[in-house]
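Notes to accompany the following structure.
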Amino acid sequence: MRDTSKHQGLRNQLATVLQAKGITDRKVLNAIRQIPRHLFIDSSFEDHAYKDKAFPIAAEQTISQPYTVAFQSQTLAIQPNDKVLEIGTGSGYQTAVLLELKAVVFSIERQQELFKKTSLFLPKLGYMPKKFIFGDGYKGLPEQAPFDKIIVTAGAPFVPKPLLSQLKVGGMLLIPVGDTTQIMTLFIRKSAKEFEKQELGDFAFVPMLEEKN
Ligand code: SAH
């Protein structure tokens, strides 16, 4: 596994592309400049790593498009020490961005193959979430709640109630909702019972896999 000045140059270019698409948060852009995305995908596709494109990983899943990762990270305005629940670990690239932003991250993955692979891989790069969880994101993580931020990185057919209830007051849930394409939806918890909802445009994610019984 190598990270060279050529890769660094490509990352800088990718950050410039994301800036042109509307990413303004300097910390997020710096994270994109830091993280060796080419190491998160199969080495034979290295050339694709710094394009602003989603790309297949294992188990019929994809590493999200860099713009999407940057958009979700910027929207959640991650602060150092924010307690963040991530649903859909996948390749771990979004996890790495959250960690570059100094969040305390709990990351759930529903597919064992990806859970195993990524929980071994990320620490090798020095990225250490508080916990990797093999489980079902529809349930959230009640034993660690409440969270400052919850990020869902798969297309959800509906908004799972447990995720809303696991937010701190003032906390935010960012979730793409819909079947074939999704509307990026932000919920801000205003009080125990009140949530503000904002719709932030269309995105395309792989579907959130069904709840296990
Ligand atoms: N952020 C990841 C996105 C991966 S794609 C990346 O950029 O690599 C979405 C991921 O969500 C997949 O890994 C998929 O297996 C996982 N997933 C789907 N349904 C899930 C569920 N119900 N609970 C937890 N993870 C789920």
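Each ligand, and each atom within it, is numbered from 1 in the order the structure gives. Note that the structure is predicted; figures quoted are calculated from it, not measured.
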- Message: Using a 4.0 Å cutoff against the non-hydrogen atoms of D136, which atoms of ligand 1 qualify?
- Response: 22 (N), 23 (N)
- Message: Please compare T62, V206, V97 and report which has the shortest non-hydrogen distance to atom 4 (C) of ligand 1.
- Response: T62
- Item | Spatial distance of atom CG (N81) from atom CG (D148) [nearest 0.5 Å] | 9.5 Å
- What atoms of ligand 1 come within less than 4.0 Å of a heavy atom belonging to Q94? 1 (N)
- Item | Mutual orientation of the aromatic rings belonging to H7 and Y50 [parallel < 30°, tilted 30-60°, perpendicular > 60°] | tilted
- Task: Run the salt-bridge test on R11 and D3 with the 4.0 Å N-O cut-off and return the result as yes or no.
- Result: yes
- Task: Can you sort out which atoms of ligand 1 are near I108, meaning under 4.0 Å from one of its heavy atoms?
- Result: 24 (C), 25 (N)
- Message: Suppose I only count heavy atoms of S64 and a 4.0 Å limit; which atoms of ligand 1 are within that range?
- Response: 1 (N), 3 (C), 6 (C), 7 (O)
- Query: What distance do S64 atom OG and K53 atom NZ have between them, rounded to the nearest 0.5 Å?
  - Reply: 15.0 Å
- What's the spacing between I87 CD1 and M208 CE if we round to 0.5 Å? 5.5 Å
- Message: Only heavy atoms of Q111, strictly under 4.0 Å: list the atoms of ligand 1 that pass.
- Response: 15 (O)
- Query: Does T89 have a non-hydrogen atom less than 4.0 Å from ligand 1?
  - Reply: yes
- Does a sphere of radius 6.0 Å around CD in E60 hold more than 12 heavy atoms from other residues, nucleotides or ligands, not counting ones at 6.0 Å or beyond? no
- Message: For the CG atom of L186 and the CD1 atom of I151, what is their distance to the nearest 0.5 Å?
- Response: 11.0 Å
- Query: Evaluating non-hydrogen atoms only, which member of R110, E113, Q61 is closest to atom 26 (C) of ligand 1?
  - Reply: R110
- Task: Quick one: look at M208 and ligand 1, take heavy-atom pairs under 4.0 Å, and tell me if it's side chain, backbone, both or neither.
- Result: both
- Message: With respect to T153, determine whether any N or O atom, backbone or side chain, lies less than 3.5 Å from an N or O atom of ligand 1.
- Response: yes
- Any ion pair linking K102 and E100 (charged N to carboxylate O, less than 4.0 Å)? no
- Where ligand 1 meets Y138 - atom numbers and elements under 4.0 angstrom, heavy-atom basis: 22 (N)
- Task: Mark yes when over 12 heavy atoms from residues, nucleotides or ligands other than K21 sit less than 6.0 Å from its NZ; otherwise mark no.
- Result: yes
- Short version for L114: what comes under 4.0 Å of ligand 1, heavy atoms counted, is side chain
- Query: Can we say K149 and D82 salt-bridge, meaning some charged N sits less than 4.0 Å from an Asp/Glu carboxylate O?
  - Reply: yes
- Any N or O on L209 sitting closer than 3.5 Å to an N or O of ligand 1? yes
- Contacting atoms of ligand 1, where contact means under 4.0 angstrom from a heavy atom of G90: 4 (C), 8 (O), 13 (O)
- Note on the structure: The atoms of ligand 1 lying under 4.0 Å from a heavy atom of S91, numbered in the order shown, are 6 (C), 7 (O), 8 (O)
- Item | From G137, G88, A54, A59 - option closest to atom 10 (C) of ligand 1 by heavy atom | G88
